[in-house]
Amino acid sequence: MEPIDISLIDWSRAQFALTAMYHWLFVPLTLGLGLIMCIMESIYVRTGKELWKSTTRFWMKLFGVNFAMGVATGIILEFEFGTNWSNYSWFVGDIFGAPLAVEGIVAFFLEATFIALMFFGWEKLGKGTHLLSTWMTVLGATFSAWWILVANSWMQYPVGMDFNPETARCEMTSFAAVALSPVAVTKFLHTVTSSWVLGAVFVVGVSAWYLLRGRHMEFAHRSIRVAAFFGLAAALLTAATGHQSGVDIARHQPMKLAAAEGLYEGGQGVGLIGLGFLKPGINWANPEQDPFLWKLEIPCGLSILATNTMEGFVPGIKNILEGGYVGEDGLPELSIEKKMEMGGRAIEALAAAQGGKDASAAHALRENFTYFGYGYLKEPSDLIPPVATTFYSFRVMVILGGYFIALFAGLLLVGRRLDRWKPVLLAVLLSIPLAYIASEAGWLVAEVGRQPWAIQNLLPNCAAVSKLPVGSVQTTFWIFAVLFTTLLVAELCIMTRAIADGPEKECA
Amino acid sequence: MDYTFFQEYWWFLVSLLGALFVFLMFVQGGQTLVGTLGRTEQQRRMLLLATGRKWEITFTTLVTFGGAFFASFPLFYSTSFGGAYWVWMLILLCFVIQAVSYEFQLKRANLLGVGCYRTFLFLNGLLGPLLVGTAVGTLFFGAEFIVDKQAIALPGEPPVISRWATPWHGLEAVLDIRNVLLGLAVLMLARCLAHLYFLNRIEDDEVRARSLRLLPWEIALFLIFFLSFLGAWCTADGFVVGQGGAVEIKSMRHLHDLLSMPLAMGLLVVGVLLVLIGLLTPLVKRDNRNGIWTAGIGSVLAVWALLLTAGWNGGIYYPSLADPDSSLTLANSCSSMYTLKVMSCVSLLIPFVLAYIVWAWHALERTPIQPSEAEDSH
């Protein structure tokens with residue numbers, strides 16, 4: 001059989017990354033702006049004031065443009081698991097497919113049905129029914145996020161399953177363990193609350209532009225008031241869930257944490273890097289030299305984050321590859337060479353165990369299955385994710401998260417005096433792209449940091465990919481790149497024009 | 001309830017989703033008719049408003065169909081999507097360009113212009129049903145793939161469980177005229193249903209008159225393609241799993257399957273009759289607006305019956321022309337008993353989903369679309 005071309009894996013990853021990152025430009029605004037819209041329409045229904053109706057309709061118009069792009073970019077992602085990762089689809093389809101199907105049945109239909117009522121129903125439905133439609137649309141989008149994040153979390157922390165040698169795949173043994181895994185719960189809360197932050201930044205940013213231009217002042221102040229309260233609460237929740245997410249990573253994906261911290265040589269009482277610049281070309285096997293050109297460190301911060309103690313041991317990249325330290329389960333961690341050897345043994349045992357004829361092979365498979373995926377790796381260094389990307393993305397996400405807390409708190413403190421301070425208004429407006437950068441950076445940490453795994457410890461990307469001609473994947477990559485970029489530019493043009501037109505047109 | 005029951009239950013549901021999707025592609029059919037039926041901008045806006053309120057349900061049904069197939073028959077998902085790469089990618093691209101076009105077309109500063117977005121809608125309307133129908137044809141007439149689950153444990157090299165045996169990666173399906181006939185039949189059915197939908201929804205005498213003038217020709221084309229497909233389907237040799245588990249060729253397999261499954265036979269006959277009644281209703285009673293419901297229900301039943309015969313009866317629902325023993329059956333491609341059971345519990349929500357869809361449809365469509373609504377459409 002012909003070997004898999006390495007560039008096929010890279011192009012398949014690039015295509016998935018491209019489509020996922022485009023999709024994620026639109027989803028957080030749907031979730032965040034959607035909830036703000038719900039709050040505003042609820043105020044309208046409660047108070048009966050028409051100005052709240054016009055405010056809601058204005059934001060709903062922008063929501064609609066953004067939502068369409070989310071739908072367009074989302075469909076590709078679901079089917080790419082089959083088109084580009086066909087081994088993966090069989091190997092874990094028994095578990096991974098279920099959340100996608102539930103998402104379709106429970107969430108997508110809710111969204112698709114009520115969004116039509118939300119947009120076309122202003123004159124056809126009563127106030128209460130229309131409000132219900134708006135809430136149902138946003139609830140559908142949030143349910144959708146839940147199920148797709150359950151699926152993603154399972155890839156990072158596979159639970160509730162067993163391997164069946166007869167079918168050569170992982171099979172679900174507990175739906176509750178998959179759907180309510182602690183990693184999934186944390187990931188959902190962190191992702192959704194961070195999306196609320198992005199929605200709030202978008203609303204305060206657009207409103208700041210009106211204040212800068214001296215237009216729609218009442219509308220802008222009203223929108224900022226709602227979005228700043230909402231945004232501050234969301235940003236604080238994001239910080240809290242982000243901390244829990246860090247704890248989960250320390251427990252289940254220590255290599256990701258080491259990469260995110262640029263930690264080559266671990267130890268006790270390890271500091272958390274607040275800011276820093278990595279030296280290029282660090283060799284993991286010889287990290288005696290300080291891997292940083294410059295750094296600002298919080299003493300013992302990483303140990304506290306990972307172990308809840310100041311002196312707790314946190315493994316670095318070298319420690320993880322060489323093993324020997326005491327792991328989460330209290331036992332000495334194996335070296336990567338040993339894990340690769342056991343993985344190779346598991347794969348050999350699977351070949352012998354298929355057909356159920358060789359009982360000792362079945363036993364050997366069970367013994368070594370924990371490290372099954374390591375058997376496909378060629379070198380220990382294959383296990384190291386891109387350190388610089390993970391490290392800098394993590395800093396960008398955290399620093400911007402802190403900035404948003406300050407931004408919302410500041411806006412609430414300043415109140416209506418805000419329109420006097422033009423530089424501040426400009427800064428608020430320029431915060432919109434920062435929210436997107438923070439959001440994408442979060443996903444870079446999550447996904448780049450877990451390389452080379454499609455399924456943590458069980459299936460590396462090289463064993464998950466579809467056998468396709470590289471040229472086909474390159475072609476579809478460029479088709480999506482050109483199409484999505486064109487549509488993104490179109491969306492931005494429509495949004496900017498709608499914002500320039502202002503909310504009055506919506507009152508008509 | 002044993003493993004076989006759950007496999008067949010999920011084939012029943014996936015087939016139903018597929019059948020609903022074929023019916024809902026009246027949206028796509030409608031998109032190909034906008035330029036023909038709408039001579040003025042107002043008429044075109046009315047037509048697009050009518051389909052624009054429904055496109056998301058069609059889209060969502062496609063996505064749910066994909067998710068349900070993945071969850072219940074992951075080996076199909078892995079084999080067909082990963083192998084017939086170009087067919088599925090083209091289908092997906094058709095739906096990507098649709099998803100933005102309704103929202104963007106009438107917006108100011110939309111970069112590409114209203115004509116471009118309407119061309120996107122036309123392309124989606126034309127290619128969507130044609131490609132979906134052609135791809136579904138391979139469920140009956142076979143595709144060029146090889147499956148080897150043991151490959152995951154081959155030493156030394158990364159595993160390849162499913163492989164495509166031609167370099168065309170699915171495009172070769174068009175070389176089998178029977179697949180294309182099904183594609184054309186689905187396209188013409190979508191256009192016929194769209195006529196009936198517009199007759200139900202649009203309050204414009206000119207549009208109605210044009211639709212009624214065009215409908216007989218569309219019906220004739222649909223019948224030519226559908227009956228040709230049905231004839232080829234009934235007389236085609238097919239793969240079956242023989243006594244010893246080996247795959248064998250059986251003459252007129254689908255006809256035999258149909259005759260041995262009274263439920264599927266009944267659904268197909270009733271479905272085809274309802275489609276014909278629904279299509280002919282407005283030609284006989286020109287003021288009758290209910291043809292869409294009769295033909296819609298009929299099309300769901302007929303497509304459902306055809307898909308059921310592919311998977312039920314212990315049959316092979318995805319035959320491999322490259323290696324018959326690689327052919328997919330419900331048993332060798334499905335999820336585990338546990339997963340199917342769990343998913344079956346989730347499927348109990350489907351009646352609630354259908355209930356609120358019906359309620360929402362009714363709430364939004366109490367009266368036909370008036371010209372004034374087209375002027376307000378965003």
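All values derive from a computational prediction rather than experimental measurement. Letters A, B, ... mirror the listed sequences (proteins, then strands); counts begin at 1.
Annotation for A:Ser86 and B:Gly82: closest pair CB-CA, 4.1 Å, computed over non-hydrogen atoms. Listed here is the closest heavy atom pair of A:Tyr376 and B:Ile152: OH-O, 2.6 Å. The minimum heavy-atom distance between A:Phe480 and B:Leu93, with the atom names listed, is CE2-CD2, 3.6 Å. Minimum heavy-atom separation, A:Phe79 to B:Leu62: CZ-O, 4.0 Å. Taking both residues in full, the closest heavy atoms of B:Val96 and A:Leu483 are given as CG1-CD2, 3.8 Å, listed atom of the first, atom of the second, then distance. Contact between A:Ala112 and B:Thr60 at its shortest, heavy atoms only, is CB-OG1, 3.1 Å.
Judged purely by atom type and a 3.5 angstrom limit, B:Tyr338 uses its side chain to pair as donor or acceptor with the backbone of A:Phe175. In this structure, the side chain of A:Asn87 engages the main chain of B:Pro159 through a donor-acceptor pair within 3.5 Å.
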Check the pair A:Arg169 / B:Ser336 against side chain to side chain contact (heavy atoms under 4.5 Å, CB included), numbers first and verdict last.
CA-CA 10 Å; A:Arg169 67 175 179 192; B:Ser336 66; 4.1 Å; yes

Begin from the C-alpha positions of A:Phe81 and B:Phe81 and carry the test side chain to side chain contact (heavy atoms under 4.5 Å, CB included) through to its verdict.
CA-CA 9 Å; A:Phe81 289 113; B:Phe81 286 81; over 6 Å; no

Does the side chain to side chain contact (heavy atoms under 4.5 Å, CB included) test come out yes or no for B:Phe59 and A:Phe108, once each step is laid out?
CA-CA 10 Å; B:Phe59 197 93; A:Phe108 285 156; over 6 Å; no

Before you tell me yes or no, could you show the steps for A:Ile479 and B:Met89 under side chain to side chain contact (heavy atoms under 4.5 Å, CB included), namely the whole-Å CA-CA distance, both residues' side-chain angles and the distance that decides it to 0.1 Å?
CA-CA 10 Å; A:Ile479 290 173; B:Met89 278 295 174; over 6 Å; no

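Among A:Ala498, A:Ala464, A:Gly74, A:Ala98, the residue making the largest number of heavy-atom pairs under 4.5 Å with chain B is A:Ala98. Among A:Glu111, A:Glu171, A:Glu123, A:Glu103, the residue making the largest number of heavy-atom pairs under 4.5 Å with chain B is A:Glu171. The greatest number of non-hydrogen atom pairs below 4.5 Å with chain A, out of B:Leu17, B:Ile161, B:Leu112, is found for B:Ile161. Counting heavy-atom pairs under 4.5 Å between each of B:Asn332, B:Leu364, B:Thr367 and chain A puts B:Leu364 at the top. Options B:Ser162, B:Cys334, B:Ala363 differ in how many heavy-atom pairs under 4.5 Å they form with chain A, and the most are formed by B:Cys334. If you tally non-hydrogen atom pairs under 4.5 Å between each of A:Glu78, A:Met69, A:Glu80, A:Met136 and chain B, the highest count goes to A:Glu78. For the set A:Leu468, A:Asn164, A:Ile76, A:Thr496, the entry with the most heavy-atom pairs within less than 4.5 Å of chain B is A:Leu468. Among A:Asp94, A:Leu100, A:Leu117, A:Thr486, the residue with the largest count of heavy-atom pairs under 4.5 Å with chain B is A:Asp94. Comparing A:Leu350, A:Val71, A:Val102 by heavy-atom pairs within less than 4.5 Å of chain B, the highest count is held by A:Val71. Between chain A and the residues B:Pro74, B:Ala71, B:Ser333, B:Ser78, the largest count of heavy-atom pairs under 4.5 Å involves B:Ser78.
Residue contact with chain B, scored on non-hydrogen atoms closer than 4.5 Å, involves the backbone of A:Thr167 exclusively. The contact between A:Val106 and chain B is made by backbone and side chain atoms together, counting heavy-atom distances below 4.5 Å. Proximity to chain B is limited to the side chain of A:Thr129, based on heavy atoms less than 4.5 angstrom apart. Heavy atoms of B:Phe95 lying under 4.5 Å from chain A belong exclusively to its side chain.
Between B:Glu103 and A:Ile494 the shortest side-chain heavy-atom distance does not fall below 4.5 Å. Side-chain contact check for A:Pro469 versus B:His169: some heavy-atom pair is nearer than 4.5 Å. Looking at A:Trp90 and B:Tyr77, their side chains never come closer than 4.5 Å, going by heavy atoms from C-beta outward.
Atom OG1 of A:Thr476 sits about 10.5 Å away from atom CG of B:Leu92, to the nearest 0.5 Å. Note: B:Trp86 CH2 to A:Thr83 OG1 = 11.0 Å, rounded to the nearest 0.5 Å. For the atom pair CZ (A:Arg497) and NZ (B:Lys107), the distance works out to 13.5 Å, reported to the nearest 0.5 Å. Considering CZ of B:Phe76 and OG of A:Ser89, their distance stands at 12.0 Å, rounded to 0.5 Å. Within the model, atoms CD of A:Glu491 and CG of B:Asn110 stand 12.5 Å from one another, a figure rounded to the nearest 0.5 Å. To the nearest 0.5 Å, the span separating CD1 on A:Ile75 from SG on B:Cys94 amounts to 10.0 Å.
In terms of the side chain to side chain contact (heavy atoms under 4.5 Å, CB included) criterion, residue partners of B:Leu24 (sequence neighbours excluded) are, by chain and number, B:Phe26, B:Ile57, B:Thr58, B:Thr61.
Around atom CH2 of A:Trp122, more than 12 heavy atoms belonging to other residues, nucleotides or ligands sit under 6.0 Å away.
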For residues 341-361 of chain B, dump all side-chain donor-acceptor pairs below 3.5 Å to protein atoms at least two apart in sequence or in another chain.
from     : atom 1 : to       : atom 2 : distance (Å)
B:Ser344 : OG     : B:Trp10  : NE1    : 3.1
B:Ser344 : OG     : B:Leu340 : O      : 2.6
B:Ser347 : OG     : B:Tyr9   : OH     : 2.5
B:Ser347 : OG     : B:Ser344 : O      : 2.5
B:Tyr356 : OH     : A:Leu110 : N      : 3.0

